[in-house]
S.K.: 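My questions will all concern the structure given below.
Counting starts at 1 for both ligands and their atoms, in listed order. These numbers come from the heavy atoms of this one structure, side chains and all, not from hydrogens, waters or symmetry mates.
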Amino acid sequence: MKASAFAYARATSVGNALELLVAHGDGAKVLSGGQSLMPAMNLRLLAPEILVDIGDLAELRGIERKGDVLRIGALTRHVDLLKSVEIAAHAPLLTQAIAHVAHPAIRNKGTLGGSLAHADPASELPACVLALNATIIVRGPAGERRIAAEEFFTGIYETALSPQELLVAVEMPVAQQDSMHFFHEFARRHGDYAIVGIAAQAAVQGGVFRDLRIAFFAVGDRPMLAAAAARLINVAVTPQMLADASTALGEQLDPQEDQQASPAMRRHLAKVLLARCVSALLGRPDLAGISA
Ligand SMILES: Cc1cc2nc3c(=O)[nH]c(=O)nc-3n(C[C@H](O)[C@H](O)[C@H](O)COP(=O)(O)OP(=O)(O)OC[C@H]3O[C@@H](n4cnc5c(N)ncnc54)[C@H](O)[C@@H]3O)c2cc1C
């Protein structure tokens with residue numbers, strides 16, 4: 001199938017892109033790498049009147065470290081993140097996760113901003129920005145807004161972005177010396193969307209979590225932080241504590257049924273991933289099989 005007819009404008013600056021978005025309202029769609037937007041248009045799930053192509057806006061591209069903050073431009077492609085030494089050094093969770101996003105052809109075009117704005121609940125990167133405690137920076141006619149990743153994802157393919165706003169960058173704290181991360185997803189084939197996945201960032205000192213953020217994806221209508229992680233911070237984790245955290249996780253999740261898995265299977269896989277994550281981060285093989 002082919003997309004419905006649409007107009008096309010190539011933005012010459014962020015200001016120009018915002019003018020176009022304001023002028024066309026709900027009829028406009030931002031085009032970044034096109035790896036989600038174009039398939040949706042070709043399937044006629046979306047029929048925007050005009051595409052505002054931001055692909056020429058070099059100011060939205062790039063990775064920069066300033067002190068303890070890592071800033072990634074929205075137009076930075078998956079392949080650039082995957083190959084970046086800055087990302088490998090300061091946000092290695094992203095390096096590991098991006099290898100699981102689709103395939104090289106898609107990673108060569110797809111962008112971080114596009115992935116976050118698209119907000120597929122089965123996507124890897126939205127969960128990573130939750131785990132990394134990132135801030136999403138958006139610009140609109142009223143100026144700039146900084147939105148905590150936890151507030152950004154509001155439902156299936158829904159975010160806190162208004163149609164007149166552009167996602168311009170993502171900022172996150174750089175990984176510290178005691179930082180550790182864990183990423184895993186269950187997928188039928190490498191590169192497929194996950195059946196269930198986990199992305200976690202932790203600070204570990206002397207075998208104890210000083211901080212722990214565990215995000216799950218493909219377990220509900222949006223990526224979500226496991227509230228139960230808080231129970232495992234600043235304590236010597238016992239198998240019983242982990243089993244209790246596993247029970248709490250099962251109660252928090254509200255997985256959906258689709259052709260890949262039932263809600264019960266997703267809940268079970270999430271609990272398996274929680275145990276493997278905690279076990280790996282603490283270097284405690286005795287915890288690997290603990291789930292409620
Ligand atoms: C075969 C296939 C397999 C895939 N597998 C995976 C996978 O395993 N995991 C995964 O996460 N993704 C997967 N994807 C999707 C893809 O990797 C990302 O969703 C995609 O890269 C999004 O980035 P983009 O730059 O291409 O966004 P686009 O397709 O250009 O845009 C996506 C949406 O975001 C909006 N948007 C884009 N940029 C901005 C911005 N800066 N500000 C505001 N709104 C914006 C657009 O208007 C559109 O609604 C797959 C895609 C295909 C085709």
S.K.: For ligand 1, is Asp120 a contact, meaning one of its heavy atoms is under 4.0 Å away?
M.R.: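 No, Asp120 has no heavy atom closer than 4.0 Å to ligand 1.
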S.K.: Got an N/O contact under 3.5 Å between Glu165 and ligand 1?
M.R.: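 No, no N or O pair falls under 3.5 Å.
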S.K.: So is Leu167 polar-close to ligand 1, meaning N/O to N/O under 3.5 Å?
M.R.: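 The answer is yes, given that Leu167 and ligand 1 share an N or O pair closer than 3.5 Å.
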S.K.: Within the 4.0 Å heavy-atom shell around Leu166, which atoms of ligand 1 are there?
M.R.: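 Numbered from 1, ligand 1 contributes 42 (N).
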S.K.: For the NE2 atom on His268, are there more than 12 heavy atoms of other groups (residues, nucleotides or ligands in this structure) within a distance under 6.0 Å?
M.R.: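 Open: at most 12 neighbouring heavy atoms sit under 6.0 Å from NE2 of His268.
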S.K.: Do any N/O atoms on Gly33 end up under 3.5 angstrom from N/O atoms on ligand 1?
M.R.: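 Indeed, backbone or side chain, Gly33 has an N or O that close.
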S.K.: Check each of Gly55, Ala97, Ala102 against atom 5 (N) of ligand 1 and report the one with the nearest heavy atom.
M.R.: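 That would be Ala102.
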S.K.: Do ligand 1 and Tyr193 have nitrogen or oxygen atoms that lie under 3.5 Å from each other?
M.R.: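 Yes: some nitrogen or oxygen of Tyr193 is under 3.5 Å from one in ligand 1.
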S.K.: Side-chain donor-acceptor pair under 3.5 Å between Asp80 and Thr76, yes or no?
M.R.: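 No donor-acceptor contact under 3.5 Å links the two side chains.
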S.K.: Is Arg10 salt-bridged to Asp56, going by a charged N under 4.0 Å from an acidic O?
M.R.: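 Looking at Arg10 and Asp56, the cut-off is met.
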S.K.: Identify, by atom number and element, the atoms of ligand 1 in contact range of Ser115, meaning under 4.0 Å from any of its heavy atoms.
M.R.: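 Near Ser115, the atoms of ligand 1 are 22 (C), 23 (O).
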S.K.: Can you name the one residue among Val14, Asn16, Thr12 that meets side-chain contact (heavy atoms from CB on, under 4.5 Å) with Leu57?
M.R.: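 Checked Val14, Asn16, Thr12 against Leu57; only one passes side-chain contact (heavy atoms from CB on, under 4.5 Å): Val14.
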S.K.: Do any nitrogen or oxygen atoms of Leu125 lie less than 3.5 angstrom from nitrogen or oxygen atoms of ligand 1?
M.R.: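 Between Leu125 and ligand 1, no N or O pair is found under 3.5 Å apart.
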S.K.: Does an N or O anywhere in Leu37 fall below 3.5 Å from an N or O of ligand 1?
M.R.: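 There is such a contact, yes.
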S.K.: Do Glu49 and His24 pair up side chain to side chain, a donor and an acceptor below 3.5 Å, judged on atom types alone?
M.R.: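 Not at all, the side chains of Glu49 and His24 share no donor-acceptor pair under 3.5 Å.
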S.K.: For atom 36 (N) of ligand 1, what is the closest protein heavy atom, and at what distance to 0.1 Å?
M.R.: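 Ranking protein heavy atoms by distance from atom 36 (N) of ligand 1, first comes Ala117 CB, 3.6 Å.
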S.K.: By number and element, which atoms of ligand 1 are closer than 4.0 Å to a non-hydrogen atom of Gln35?
M.R.: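 This gives 20 (C), 21 (O), 26 (O), 29 (O), 51 (C), 53 (C) as the contact atoms.
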S.K.: I need the atoms of ligand 1 closer than 4.0 Å to a non-hydrogen atom of Ser123, numbered in the order shown.
M.R.: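 What qualifies from ligand 1 is 10 (C), 11 (O), 12 (N).
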S.K.: Who are the side chain to side chain donor-acceptor pair (under 3.5 Å) partners of Arg71, not counting sequence neighbours?
M.R.: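 Residues passing side chain to side chain donor-acceptor pair (under 3.5 Å) with Arg71: Glu171.
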S.K.: What residue and atom, counting heavy atoms only, is the protein's closest point to atom 32 (C) of ligand 1, and at what distance?
M.R.: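 Of every protein heavy atom, Gly114 O, 3.8 Å lies nearest to atom 32 (C) of ligand 1.
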S.K.: Hey, are Arg77 and Asn108 close enough side-chain-wise for a donor-acceptor pair under 3.5 Å?
M.R.: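 Arg77 and Asn108 do not have a side-chain donor-acceptor pair below 3.5 Å.
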S.K.: Yes or no on side-chain contact (heavy atoms from CB on, under 4.5 Å) for Ile50 and Phe6, after CA distance, side-chain angles and deciding distance?
M.R.: CA-CA 5 Å; Ile50 181 168; Phe6 58 89; over 6 Å; no
S.K.: Quick test: of every protein heavy atom, which one is nearest to atom 28 (P) of ligand 1, and how far off is it to 0.1 Å?
M.R.: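 Checking every protein heavy atom, the shortest distance to atom 28 (P) of ligand 1 gives Gly34 N, 3.4 Å.
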S.K.: Which of the numbered atoms in ligand 1 are under 4.0 angstrom from any heavy atom belonging to Ile54?
M.R.: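 Contacts of ligand 1 toward Ile54, numbered from 1: 41 (N).
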S.K.: Is there any N or O on Val30 that sits under 3.5 Å from an N or O of ligand 1?
M.R.: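 So ligand 1 has an N or O lying under 3.5 Å from an N or O of Val30.
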S.K.: For atom 49 (O) of ligand 1, what's the nearest protein heavy atom and its distance?
M.R.: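 Nearest neighbour among protein heavy atoms for atom 49 (O) of ligand 1, to 0.1 Å: Lys29 NZ, 3.4 Å.
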S.K.: Does even one non-hydrogen atom of Asp192 get within less than 4.0 Å of ligand 1?
M.R.: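 Checking ligand 1 against Asp192, which is what was asked, there is a heavy-atom contact under 4.0 Å.
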S.K.: Would you please determine whether His78 falls within less than 4.0 Å of ligand 1 on a heavy-atom basis?
M.R.: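 Heavy atoms of His78 do come under 4.0 Å of ligand 1.
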S.K.: Determine, using heavy atoms of Leu46 and all atoms of ligand 1, whether some pair is separated by less than 4.0 Å.
M.R.: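 No, Leu46 has no heavy atoms under 4.0 Å from ligand 1.
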S.K.: Do ligand 1 and Lys109 have nitrogen or oxygen atoms that lie under 3.5 Å from each other?
M.R.: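 No, since none of the N or O atoms of Lys109 sits under 3.5 Å from an N or O of ligand 1.
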S.K.: Hey, which atoms in ligand 1 end up nearer than 4.0 Å to a heavy atom of Thr111?
M.R.: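 Under 4.0 Å from Thr111, ligand 1 has these atoms: 21 (O), 23 (O), 24 (P), 25 (O).
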S.K.: Shared ILVMFWY cluster between Phe217 and Phe182, side chains joined below 4.5 angstrom?
M.R.: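 They do not share one cluster, since no chain of ILVMFWY contacts under 4.5 Å joins Phe217 to Phe182.
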S.K.: With side-chain contact (heavy atoms from CB on, under 4.5 Å) as the test, pick out the partner of Leu37 among Asn42, Leu31, Val30.
M.R.: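 Passing option: Leu31.
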S.K.: So among Ser115, Cys128, Ser36, which one has a side-chain contact (heavy atoms from CB on, under 4.5 Å) with Ser123?
M.R.: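 That would be Ser115.
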S.K.: Which ligand 1 atoms, with their elements, are less than 4.0 angstrom from a heavy-atom of Ser32?
M.R.: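 Near Ser32, meaning under 4.0 Å from one of its heavy atoms, ligand 1 has 25 (O), 30 (O), 37 (C), 38 (N), 39 (C).
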S.K.: Heavy atom to atom 1 (C) of ligand 1, shortest distance: which of Val138, Leu31, Ile106 holds it?
M.R.: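 That would be Ile106.
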S.K.: Which is it for Glu124 and ligand 1 at heavy atoms under 4.0 Å: side chain, backbone, both or neither?
M.R.: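 Both backbone and side chain.
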S.K.: Are the side chains of Leu161 and Phe152 in contact, using a 4.5 Å heavy-atom criterion?
M.R.: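 In short, these two side chains touch, coming nearer than 4.5 Å.
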S.K.: Nearest to atom 18 (C) of ligand 1, what protein heavy atom do you find, and at what distance?
M.R.: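 The answer is Ser36 OG, 3.4 Å.
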S.K.: Is the shortest distance from a heavy atom of Leu161 to ligand 1 less than 4.0 Å?
M.R.: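 Contact present.
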